[in-house]
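One structure is given below, encoded as structure tokens.
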Amino acid sequence: MKTVMSEKGVSISSKLKSALYLYDAYKNKGFADATRTILHHKRLMGYLTKYVGIPVNTADILEIGCGQIPKQVALFHKEGANIIGIDIDVPTYRITVPIFLKIIRTNGFERAVKSLIRHFLFDKKYFRDLSREYGQKVTFDKLDTRIMDATRTAFQSDSFDFIYSNVVFQHIDNVEEAVREVNRVLKPAGIATINIHLFPSLSGGICLEWLHPEQSPSAKVPPWDHLRENNYPVNIHLNKMTINQYREIFRTHTNVIEEQTVTEGERFLTREIEDELTNKGYTREDLLTRTALFIIRKKL
Ligand SMILES: C[S@@+](CC[C@H](N)C(=O)[O-])C[C@H]1O[C@@H](n2cnc3c(N)ncnc32)[C@H](O)[C@@H]1O
């Protein structure tokens with residue numbers, strides 16, 4: 001199975017710098033930010049209430065790409081939902097020796113070491129903050145998380161009332177298969193919300209220096225470097241799709257009932273950069289749209 005790490009064209013020194021940046025981001029920049037997690041959870045609950053209209057403790061829910069710390073799975077579990085989180089990698093919120101060996105086998109050695117360091121340095125504080133922000137103890141016991149590829153799930157058709165996914169689809173090569181799979185396993189009265197971090201956006205190359213352009217723009221890496229010289233490559237696998245390519249796939253295979261976008265970076269888009277990137281086929285919308293959220297119903 002393929003993980004999100006990509007080993008192509010990234011030097012050891014870039015990897016070391018990125019590890020240091022990650023450390024700093026966890027320590028000082030709110031990488032594991034419990035306040036943001038709770039806000040996100042409230043938004044997801046809002047979609048469930050507005051579009052599906054059933055009590056959370058009766059809902060069958062699927063998270064696609066629940067990540068190393070399946071925080072939303074833990075919160076929905078706490079609220080009594082029947083929730084399953086899937087991810088192509090082994091979650092690393094609990095690390096014992098056998099789990100660590102499994103993490104090395106599945107996620108690769110480099111990612112395993114990073115997870116181990118994160119786990120021992122930062123997870124305890126994040127778990128404490130999460131319980132404080134939520135107002136009750138949130139535990140990560142007895143969660144149903146499964147290692148599974150979003151393009152080939154093991155679920156029966158019409159299984160879920162609510163499917164959601166946050167910043168995952170940009171890592172998937174065969175997005176069409178994943179979207180068809182969402183449509184297949186969604187119940188006819190259900191809803192899916194798929195939020196995608198768009199590659200052509202200023203932060204879309206996942207260069208840590210540009211992850212939050214409005215709050216902390218980089219003084220070192222030129223804007224949109226990942227579409228231009230690519231002098232600061234990152235070792236994360238991205239499918240490089242544009243918003244229109246996603247639109248086409250979602251419209252073909254599902255009923256899109258709403259699309260929400262978040263923009264960023266207009267002040268960094270000089271005329272020269274825009275001309276250079278327009279010549280490469282990117283539109284102004286591509287360059288300035290950070291995320292697209294597709295809210296969809298099943299196409300029967
Ligand atoms: C940027 S992380 C987002 C994690 C989580 N959704 C969050 O919001 O914190 C992307 C996740 O997508 C997972 N992923 C990538 N490709 C996948 C696939 N084909 N099927 C399932 N999960 C996948 C990765 O392993 C990773 O955990």
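Sequential numbering from 1 along the given sequence is applied to the chain's residues. Each ligand, and each atom within it, is numbered from 1 in the order the structure gives. Note that this is a predicted model, so its numbers are computed, not measured.
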In plain terms, say whether Asp149 and Arg152 are close enough for a salt bridge, that is, a side-chain N and a carboxylate O under 4.0 Å apart. yes

State whether Arg128 and Glu133 are salt-bridged, where the test is any N-O pair (Lys NZ or Arg NE/NH1/NH2 against Asp/Glu carboxylate O) under 4.0 Å. no

Run the salt-bridge test on Asp87 and Arg146 with the 4.0 Å N-O cut-off and return the result as yes or no. no

With heavy atoms of His171 as the reference, note each atom of ligand 1 found under 4.0 Å away. 1 (C), 10 (C), 15 (C)

Could you tell me whether the side chain of Lys71 and the main chain of His41 form a donor-acceptor pair under 3.5 Å? no

At less than 4.0 angstrom from any non-hydrogen atom of Gly67, what atoms of ligand 1 do you find? 4 (C), 27 (O)

Using a 3.5 Å cut-off on N or O atoms only, is Gln68 in polar contact with ligand 1? no

Below 3.5 angstrom, do we get any N/O pair linking Val168 and ligand 1? no

When you compare the side chain of His212 with that of Ser203, does any pair of heavy atoms fall below 4.5 Å? no

Do the charged groups of Glu285 and Arg247 touch, with an N to O distance under 4.0 Å? yes

Taking a cutoff of less than 4.0 Å between a non-hydrogen atom of the residue and any ligand atom, is Thr151 in contact with ligand 1? no

Without swapping roles, check the side chain of Trp224 against the backbone of Ile273 for a donor-acceptor pair under 3.5 Å. no

Report yes or no: does a heavy atom of Asp149 sit under 4.0 Å from some atom of ligand 1? yes

Does some non-hydrogen atom of Gln72 fall short of 4.0 Å from ligand 1? no

Under 4.0 Å to a heavy atom of Glu63 - the qualifying atoms of ligand 1, by number: 6 (N)

Take every heavy atom of Lys71, measure it against each atom of ligand 1, and state whether any distance is under 4.0 Å. yes

Does any non-hydrogen side-chain atom of Phe250 lie less than 4.5 Å from one of Glu259? no

Close approach of Val167 to ligand 1, heavy atoms, under 4.0 angstrom: yes

So which bit of Ile172 gets within less than 4.0 Å of ligand 1, heavy atoms only: side chain, backbone, both or neither? side chain

Heteroatom distance test (Ile88, ligand 1): nitrogen or oxygen, under 3.5 angstrom: yes

Is Asp158 salt-bridged to Lys298, cutoff N-O under 4.0 Å? yes

Take every heavy atom of Met148, measure it against each atom of ligand 1, and state whether any distance is under 4.0 Å. yes

What atoms of ligand 1 come within less than 4.0 Å of a heavy atom belonging to Ala150? 18 (C), 19 (N), 20 (N), 21 (C)

